[in-house]
Structure formats: structure tokens, C-alpha cells
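Values below: every heavy atom of this structure, side chains too, minus hydrogens, waters and symmetry copies. Chain A is the first sequence line, chain B the second, and so forth, proteins listed ahead of strands; every chain is numbered from 1.
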Protein chains: 2
Amino acid sequence: MDKQQLFENIKKKKSFLCVGLDTDIKKIPEHLLKEEDPIFAFNKAIIDATAPYCIAYKPNLAFYESMGVKGWIAFEKTVNYIKENYPDQFIIADAKRGDIGNTSAMYARTFFEELNIDSVTVAPYMGEDSVTPFLTYEGKWVILLALTSNKGSHDFQLTEDANGERLFEKVLRTSQNWANDENMMYVVGATQGRAFEDIRKIVPNHFLLVPGIGAQGGSLEEVCKYGMNNTCGLIVNSSRAIIYADKTENFANVAGQEAKKVQAQMEEQLKAIL
Amino acid sequence: MDKQQLFENIKKKKSFLCVGLDTDIKKIPEHLLKEEDPIFAFNKAIIDATAPYCIAYKPNLAFYESMGVKGWIAFEKTVNYIKENYPDQFIIADAKRGDIGNTSAMYARTFFEELNIDSVTVAPYMGEDSVTPFLTYEGKWVILLALTSNKGSHDFQLTEDANGERLFEKVLRTSQNWANDENMMYVVGATQGRAFEDIRKIVPNHFLLVPGIGAQGGSLEEVCKYGMNNTCGLIVNSSRAIIYADKTENFANVAGQEAKKVQAQMEEQLKAIL
């Protein structure tokens with residue numbers, strides 16, 4: 001999916017919501033445990049209920065890997081279900097991968113060739129040759145970690161170099177040499193507030209994947225105030241606050257309603273550019 | 001496995017070799033492709049041939065994930081095969097994971113609980129709360145990326161802060177607050193030469209996992225000269241140079257011979273401390 005299509009979808013849905021499929025067998029409604037594949041059954045119901053209100057899904061690989069082979073089967077079924085039934089949805093494999101060149105190439109093959117997923121999150125620590133193998137696939141995206149939503153983001157990402165440039169700024173700036181706003185996005189946590197202003201100085205046109213609203217406490221308004229650009233430039237993720245909003249047999253409906261609430265807030269914010 | 005046991009194994013085998021199981025279906029001998037599970041068949045033969053000469057195995061997850069569900073099955077079978085037949089071998093899941101706390105906790109559950117693997121490689125970019133969930137398992141290890149073997153290691157890892165401290169040094173120093181030499185090791189590429197001297201100033205007692213000899217061109221002698229400490233402190237990995245040394249039906253024998261050659265070099269180096 002290219003940038004223009006993504007923006008068209010945002011305009012059509014009046015939403016830039018990504019639903020995070022952090023599906024944990026220990027947290028899904030009990031009645032699903034009798035299903036043959038409880039994880040996929042949960043995801044399918046959540047997807048059907050939320051698809052009208054979002055433009056992307058982000059399964060986090062950790063949750064699937066923790067169940068071994070069964071988890072991988074559920075992950076593949078989930079991706080295929082979205083692609084077949086909601087082909088407009090942008091799919092993000094939240095994997096935070098990154099390794100030496102020949103290994104990153106293997107990861108790229110997994111996500112882009114085998115699974116035909118639109119994008120994958122990548123960690124920048126190992127530098128250029130750990131990232132570029134993901135960039136050789138037409139129409140696919142790298143979403144590079146820049147300034148994450150967690151407390152630990154302060155440990156290294158904010159370290160200033162001799163010229164006063166913080167590490168996340170160096171990541172943003174250096175990676176401009178490897179990619180552009182048609183094949184790279186950046187992860188910036190919603191909890192980072194006004195740092196979005198500094199980020200927009202370096203990457204005015206790129207899309208940002210923004211986790212951290214909902215359970216992690218970030219503010220949608222603040223993110224939009226400092227982060228939105230004229231093609232929206234934001235994909236805002238919510239996982240737990242939507243998918244675990246209810247634990248009864250009515251869970252999917254409630255998840256749909258929660259997604260709809262966020263979509264309404266986003267529609268309001270989009271008035272600034274549409 | 002604790003540090004003392006690891007050192008005992010090194011002394012017994014006169015080796016600190018780790019064989020990297022970067023098993024690629026496109027690179028294994030053709031005659032194996034008719035096996036029901038060619039990846040596991042390859043690994044089993046390589047393990048049986050190399051076990052006398054090494055103290056650790058390091059399957060790289062990328063290679064297994066690239067084959068989806070089949071790859072995960074082969075990965076699990078490989079881990080179980082080592083644990084059952086060679087319980088003295090230290091197993092490293094080379095996964096380079098790292099995510100927000102609740103997600104890292106899921107990865108830790110996968111590798112340490114579900115699979116009972118000894119250690120997992122973790123990327124430091126997201127800071128403390130992305131690493132500490134891996135540290136709550138008795139007898140298990142985090143192997144944190146510090147200074148990697150690839151060219152891209154220069155992009156961010158060598159960046160100096162205002163006080164002249166390089167990022168990899170900050171990672172080494174800061175992570176001392178989270179862990180100690182009984183539950184943390186560091187990845188330092190064999191290609192980094194005299195940087196080992198600087199690293200030993202910060203972490204004199206820790207084990208270092210050292211990739212990059214063989215195909216990547218690092219020197220074992222140089223690594224030992226600057227990196228070895230009085231409990232060896234080194235686990236040196238070789239992947240491609242051993243496992244793909246031969247592509248005929250004799251591949252496992254040749255891999256064993258290659259491992260034996262490296263072991264002999266290591267025995268020579270170990271004379272400095274034993």
C-alpha cells in the first residue's frame with residue numbers, strides 16, 4: 001500500500017486508528033477457550049467489530065510467539081483473514097526486528113514475501129545494514145523505532161551527542177539517507193508530548209506510528225496538535241483499551257464501540273486538515 | 001545454567017565455541033530436501049557432529065521464522081533435541097528482541113518458560129523496562145547487544161555523548177544497574193578489535209558473546225588477546241563457516257572437522273588462563 005492510498009483510506013474512514021492485536025490467551029473471554037483456535041476466534045470477532053472505525057491492524061508478534069507453533073498458526077490466519085476480508089486495512093507486523101544484513105533479509109522475506117504484510121517495525125540500534133534489507137520490497141514499509149512510549153525510552157534515546165543532537169533525532173536524520181516518506185515511517189510514543197514538534201522539524205512529511213494512548217496514558221489531542229501534517233501523518237494505535245474493554249460474550253461489540261469512540265475523536269481532529 | 005557451570009564446560013571441552021544454527025532451506029545439502037523436516041534433519045546432523053567441540057548452540061530465530069509454522073516446529077525440535085541429548089550445551093535464542101514491558105514479558109515467557117532456553121539476545125534501544133522482564137528467571141541470561149559485528153554498528157553505537165562516552169559504553173554501564181555477571185552477557189562483534197580493551201574496563205567479569213569470526217572476518221587471536229578474562233569470559237560464535245563448510249552428503253563430518261579446527265585454536269588460547 002502506498003502513502004496516497006493510506007491517506008485516501010484515512011479520509012474515507014475519517015480515522016487514523018490502528019487496532020493493536022496484542023492477543024493474550026490469559027486475557028481473552030473465557031467462553032472462547034473452548035474454540036479450536038481461541039486466539040484466532042478472538043481476533044476475527046475483534047476485527048469484524050472494529051474494521052469500520054480503523055485503517056490498520058497491528059498484531060504484536062510477542063503475543064503469538066509466546067504460544068509457539070499454535071501462536072504462529074493464529075498469527076498467519078489473522079493476517080490472511082484481514083487481507084481477504086478487509087483488503088484496505090494496512091497491516092503492521094509489530095516485531096521490532098533488526099539484525100546483521102543476511103539475517104534482516106530473512107526477516108524481510110518472512111514478513112513481506114511469505115506473509116505479504118504491509119510493514120514491519122524495526123529497531124535501529126544495529127544501523128544501516130540491519131534496516132536496508134527491509135527496504136527492497138516495492139510497496140512495503142519499514143517502521144523504525146525513534147522515540148518509544150515507555151519509561152526506558154529515556155535511558156538511551158534521549159542521550160545527547162557532542163553537538164546536542166539526541167539519539168532519536170540522529171536516528172531520524174541518519175535514516176533519511178536510507179529511505180524516504182514512501183517506504184519508511186517512525187515509531188513515536190504518544191506519551192512524548194511536545195517532542196513531536198522537534199520530530200516534525202526533521203521528518204515533516206513522514207507517517208508516524210504512535211502507540212501509547214489508552215492504557216499507557218498518552219493524549220490524542222496533544223499528539224494531533226504537535227504531530228499532524230497535511231496528509232495526516234499519524235497512525236495512532238490502541239491495543240488493550242479496545243480489545244480488552246469487555247470480557248463477556250459481548251466483548252466484540254464493546255470493542256467496536258470503543259473503537260468508534262476513538263474514531264469520533266479522530267474525525268474531530270481531522271477537521272484541521274480536511 | 002550458571003556462570004560456574006559454563007566455565008566448567010569450557011574447561012572440560014577446552015573450547016568456548018558456539019555453533020550458530022543459521023539454517024537456511026536454500027543453503028542446506030540437496031539430499032536433505034526429501035526428509036520430512038529438512039531443517040531439523042540438518043540441525044540434528046550438525047549438532048551430533050559438532051557437540052564434542054563446542055559449548056553452546058545459537059539458533060537465529062530469523063531463519064526459522066522465515067519458514068512460518070514449519071520453521072517454528074523445526075526450531076522447537078532443535079531446542080528439545082539439544083536439551084535431551086546434550087544437556088551441557090548452553091542454548092542461545094538469537095532473537096534480538098526488546099519491547100515495552102508487558103510485551104518483553106511475553107517474549108521472556110516464550111523463550112524461558114515455554115522453551116526452557118538458557119538465554120536470549122535483547123536489543124537495548126528501548127531501555128530498562130524492555131530488558132528487565134527477561135531478568136526475572138532464575139538461571140536464565142539476557143545477552144544484550146553492545147557493539148555488534150556489522151558495518152552499521154558505526155551508525156549509532158559509536159556516537160559519543162557530551163562527555164565523550166560512546167553509546168555502546170553507556171549501554172554497558174547503564175545496564176550494570178539492572179543485572180550482573182550472573183544473569184547478563186553482552187554481544188560484542190569479533191570485528192571490533194581493540195574496542196574489547198575499552199569494553200573490559202567497564203565489564204571486566206562478564207561473559208561476552210562474540211559473533212563475527214569466520215564469514216564476517218573477525219580474528220580469534222585478537223578477540224582473545226583483548227577480551228579474555230580469568231573465567232574465559234568469551235563465547236565465540238561461528239555459523240556459516242562451520243555449518244555450510246560442505247554441501248555434499250558428507251556435510252556433517254566436514255562441519256565437525258571445521259568445529260574441531262576452531263576448538264584446537266581455542267585450546268591454544270585457553271592456555272593463557274588454564
Side-chain angles (χ1 to χ4, degrees), chain A residues 22 24 60-63 65-69 71-73 76 94-107 109-111 113-115 123-132 145 148-157 159-162 164-165 167 170-171 174 211-212 216 240, chain B residues 22 24 60-63 65-69 71-73 76 94-107 109-111 113-115 123-132 145 148-157 159-162 164-165 167 170-171 174 211-212 216 240:
Chain A
D22 295 4
D24 184 344
N60 187 317
L61 269 287
F63 290 81
E65 285 187 16
S66 72
M67 288 173 302
V69 171
W72 264 92
I73 293 173
E76 291 191 7
D94 195 2
K96 301 190 175 69
R97 298 300 193 258
D99 208 311
I100 63 170
N102 75 318
T103 307
S104 272
M106 294 298 285
Y107 281 126
R109 193 163 104 189
T110 307
F111 294 117
E113 277 186 47
E114 307 287 322
L115 295 166
Y125 191 75
M126 293 181 68
E128 179 169 3
D129 57 326
S130 71
V131 177
T132 48
L145 301 186
T148 57
S149 58
N150 62 322
K151 185 163 167 285
S153 64
H154 294 241
D155 289 327
F156 307 117
Q157 297 166 24
T159 302
E160 287 186 14
D161 71 10
E165 185 174 55
L167 179 60
K170 189 177 171 84
V171 167
T174 304
Q216 292 183 64
R240 289 170 272 179
Chain B
D22 295 5
D24 185 344
N60 188 316
L61 269 288
F63 290 80
E65 285 187 15
S66 73
M67 288 173 301
V69 171
W72 264 92
I73 292 172
E76 291 191 7
D94 196 2
K96 302 189 174 67
R97 299 298 192 262
D99 207 312
I100 63 170
N102 75 317
T103 308
S104 272
M106 295 297 285
Y107 281 125
R109 194 163 101 190
T110 306
F111 294 116
E113 278 186 47
E114 308 286 323
L115 295 166
Y125 190 76
M126 292 180 69
E128 178 170 4
D129 55 327
S130 72
V131 178
T132 49
L145 301 186
T148 57
S149 57
N150 61 322
K151 186 162 165 283
S153 66
H154 295 239
D155 288 326
F156 307 119
Q157 296 166 23
T159 302
E160 286 186 15
D161 70 10
E165 184 173 55
L167 179 60
K170 190 179 171 83
V171 167
T174 304
Q216 294 181 65
R240 289 169 273 179

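For T103(A), the parts sitting under 4.5 Å from any heavy atom of chain B are the backbone and the side chain alike. Using a 4.5 Å cut-off between heavy atoms, V131(A) makes no contact with chain B at all. Of the two parts of S149(A), only the side chain, counted from C-beta on, holds a non-hydrogen atom closer than 4.5 Å to a non-hydrogen atom of chain B. Residue E76(A) touches chain B through its side chain alone, counting heavy-atom pairs closer than 4.5 Å. Heavy atoms closer than 4.5 Å to chain B are found in the side chain of N60(A), but not in its backbone.
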Check step by step if side chain to side chain contact (heavy atoms under 4.5 Å, CB included) holds for R109(A) and D24(B). CA-CA 12 Å; R109(A) 193 163 104 189; D24(B) 185 344; 3.6 Å; yes

The test is side chain to side chain contact (heavy atoms under 4.5 Å, CB included); show your working for D155(A) and K170(B) and say whether it passes. CA-CA 9 Å; D155(A) 289 327; K170(B) 190 179 171 83; over 6 Å; no

Could you go step by step and tell me if E114(B) and E65(A) meet the side chain to side chain contact (heavy atoms under 4.5 Å, CB included) rule? CA-CA 10 Å; E114(B) 308 286 323; E65(A) 285 187 16; over 6 Å; no

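Interface remark: of the candidates T174(A), T159(A), I73(A), D99(A), D99(A) forms the most heavy-atom pairs closer than 4.5 Å to chain B. Looking only at heavy-atom pairs under 4.5 Å with chain A, the residue among P211(B), P124(B), G68(B), G101(B) that has the most is P124(B). Of the listed residues (L61(B), D129(B), D22(B)), the greatest number of heavy-atom pairs within a distance under 4.5 Å of chain A belongs to D129(B). Per-residue counts of heavy-atom pairs under 4.5 Å with chain B were compared for T132(A), I100(A), D94(A); the largest is that of I100(A). For the set G127(A), A123(A), S104(A), S153(A), the count of heavy-atom pairs under 4.5 angstrom toward chain B peaks at G127(A). Interface summary for chain A: among R97(B), K151(B), K96(B), E128(B), the most heavy-atom pairs under 4.5 angstrom belong to R97(B). Listed options H154(A), R240(A), M126(A) were ranked by heavy-atom pairs under 4.5 angstrom with chain B; first place goes to M126(A). Counting heavy-atom pairs closer than 4.5 Å to chain B, the top-ranked of the candidates Q157(A), E165(A), E113(A) is Q157(A). Top candidate by heavy-atom pairs under 4.5 Å with chain B, chosen from A95(A), A162(A), S130(A), is A162(A).
Between Y125(B) and L167(A) the shortest heavy-atom distance is CE1-CD2, 3.7 Å. When every heavy atom of N102(A) is checked against every heavy atom of F63(B), the shortest pair comes out as ND2-CZ, 3.8 Å.
Between D161(B) and E160(A) there is no side-chain heavy-atom pair separated by less than 4.5 Å.
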